[in-house]
2 protein chains.
Amino acid sequence: MAEKQPTIKEIAKRLNISISTVSRALHNHPSIGLKTKTLVQQLAQKLDYEPNQMAISLQQRKTFTLGVILPGLSESFFSSAISGIEEVANMNGYTVLMGQSHDDIEREKQLMETMKKHRVDGLIISITKNTKTFEHFEFFKKANIPVVFFDRIPDMNDINYVACNILSGTIKAISYLLKARHRVIGMINGPKTLVATAERRDGYMQAMQKNRLKFDPSLVFNCDLSKESVYEATQKLLSHSRKPTAIVTFNDYVAMDAMHYATQQNICVNKDLLFVSYVNLPMLPHLKFRPIASVEQYPFKQGQKAAQMLVELLQNKIENTERQMHYKIIIDSDLVIHA
Amino acid sequence: MAEKQPTIKEIAKRLNISISTVSRALHNHPSIGLKTKTLVQQLAQKLDYEPNQMAISLQQRKTFTLGVILPGLSESFFSSAISGIEEVANMNGYTVLMGQSHDDIEREKQLMETMKKHRVDGLIISITKNTKTFEHFEFFKKANIPVVFFDRIPDMNDINYVACNILSGTIKAISYLLKARHRVIGMINGPKTLVATAERRDGYMQAMQKNRLKFDPSLVFNCDLSKESVYEATQKLLSHSRKPTAIVTFNDYVAMDAMHYATQQNICVNKDLLFVSYVNLPMLPHLKFRPIASVEQYPFKQGQKAAQMLVELLQNKIENTERQMHYKIIIDSDLVIHA
DNA sequence: TAAGATTACGCAAACGTTTGATAACTGCGT
DNA sequence: ACGCAGTTATCAAACGTTTGCGTAATCTTA
């Protein structure tokens, strides 16, 4: 059988007209007569003609494809985000080429290579928690392919990004705890490579300052988000000379692990020890032990914004490269309290 | 700056050799001398040359791209699945073009259109819960693009698919409950469009038969997976003349909604009323109310298998189309008990 | 009715590759 | 000096589109 996909050429031959006429007819070009136009369109319909995107892309040097690289879809944060991305991408006629780095730098680089080969028109990326070198991003810049960073943004200048205001979120979180009379607040923070980690710390400091309280850096521990390192951090906090009555964790997953550990140490979570965290997973209300509050980061919205930004960058490509403009969007976060 | 991406042509010009020589040199073709070969490769390196996949795809009529259409990534089942797909896709040099149907048929069709335009080499799809007409699939068949259905498979002949053995999983689930002396077991099943729904019902029947018990069809209710319809089904079961002591639900989400409803009716979940379901979400152990057992469907593995199947289909494309062969893989499911 | 304007179409180049057929060099034996 | 086999490199067509430019054919209009 192997019916070959019909081409514009085929249609032209059958109708005994030129290729260009067919092309124009299908695009409703004014210079084509109504008769031939309908003739062409009918035949195209009948043959199930579909333009070959490859040929078009080659011709136009544009693939109508957006690359998206995320650490992993298993975190609902990212799967929501990609939904947002996909939505506005599709609305604007783009398709999404997706890849997961699984927090592995090599994979991240490799994915970027593939995407460059596939000539994605632009890239949206949330970097690995271990990414420290940034040459591979320069690559894209050189190739003049716009990149939008998203949520996990690298510590570089001259980049486009959308992120969530973690600083203000943290201030809200800490203030909430302070208002509830907590005075010793521990923090299980993330990997130092992430700006979001620094922001959390800063937020903590600023919140304390605002309330004319002293910030105790020994109450802040970093972890690499693995279960083991969370346990370790929790353990250190629990055996701290100033034993905290509340802990702010990097995200809900960290909180869950920390709570698990604390429970095993016979600590009554949510009574002796409160947790506040980030992300605000949709399952939170269904959990047995849950953080009493969590900073909502609106991943879907972030995804939308990122895609929108990218689409705009693509549309104003020339002007932007001349002006060396960079877009930054910081969307507000909110503390959601789970009574 | 707008540095144009270097092409093979550019390299040829700079080195004063022909285009074809460059192409061959980069492919290590034997008919190119070592001298020129290294010369070319060095320059290519220096210029950060990347072959233009569009041109290659056009030439070879192959895009090295796999289309994946899923109902939605928010369900962890599907996000695991796509991870499995991506893994083996990448291992075999393919990239993944992704789309979510959000259980909307129109979107599903539209996505298939785009993917066809983009000339994906093959498609992996888990259909919408509402998909009843199948012409759009025939389209792909005609175009000779292999399709692998996955988990949610349509009721058609002559298709490739990988799915999970829901029948045996259901038998295990029901048997488990019977062994625990439950005699009145309700079932909140899914939409009738899905084969998996029929399988669940069959499994229920067969398990009863095996134990020489009578199957009561009035204890089985369908729902469309929405919260409201779950509530409704639960309500009907709770007011049934034979009030069940255990309920088997279509999946964990349905179970959660049903439990929520039951709790509101002052029923003590997991004491007066047990739940058994499917999917076995990773969060299950952390939930406040959870099904006492859930049928694990190994989504990651299913994804891997599906991608593997597709890759094989692609490799043996000619032979297969001649022989009209179709692959089917049914992987085993297991009942996981959450003590 | 000839000049100009308009309408409807065709030509051919270009996008960046790959690849079968072909040609130009090299060295060698005679 | 000549042919001959390697070895190495070039030519040109093809993949399926889009689009600027050119040109018949038809239509106005004075």
Value in whole Å for how far the C1' atom of D:dT10 lies from CG of B:N16: 13 Å
Whole-Å distance separating the CG atom of B:L58 from the P atom of D:dC15: 9 Å
Separation of D:dG16 P from A:L47 CG (nearest whole Å): 14 Å
Integer-rounded Å distance: C:dC9 P and A:N28 CG: 13 Å
B:M54 CE - D:dT18 P separation (whole Å): 16 Å
Which nucleotide in C:dG10, C:dT17, C:dC9 has an atom nearest any side-chain atom of A:S20: C:dG10
Rounded interatomic separation in angstrom, taking CZ from B:R24 and P from C:dG16: 20 Å
5' priority, DNA chain D, between B:A55 and B:G33 [closest heavy atom]: B:G33
Ring centres under 6.0 angstrom apart (A:F149, A:F137): yes
A:K9 side-chain proximity, nearest of C:dT18, D:dT18, D:dC15: D:dC15
Atom pair CD/CD of B:E113 and A:E50 - distance to nearest 0.5 Å: 4.5 Å
Phosphate OP1/OP2 of C:dC9 contacted by A:T21 side-chain N/O (<4.0 Å): no
Value in whole Å for how far the P atom of C:dG20 lies from CD of B:Q60: 11 Å
Nucleotide nearest B:S31 (side chain, heavy atoms from C-beta), chosen from D:dT17, D:dT10, D:dT8: D:dT8
Protein-nucleotide distance (A:I17, atom CD1; C:dC11, atom P), rounded to Å: 12 Å
Any B:T7 side-chain nitrogen or oxygen under 4.0 Å from OP1 or OP2 of C:dG16: no
Residue A:R61, side-chain atoms from C-beta onward, closest of C:dG10, D:dT19, C:dG16: C:dG16
salt_bridge(B:R152, B:D103) N-O dist < 4.0 Å: yes
5' precedence on DNA chain D between B:Q59 and B:I32 (nearest-nucleotide basis): B:I32
Euclidean distance, B:L97 CG relative to B:R119 CZ, rounded to 0.5 Å: 13.5 Å
Sugar-phosphate, base or nothing in reach of A:T36, heavy atoms under 4.0 Å: sugar-phosphate
Row check, B:F64 ring normal vs B:K62 NZ/CZ: under 6.0 Å, within 45°: yes
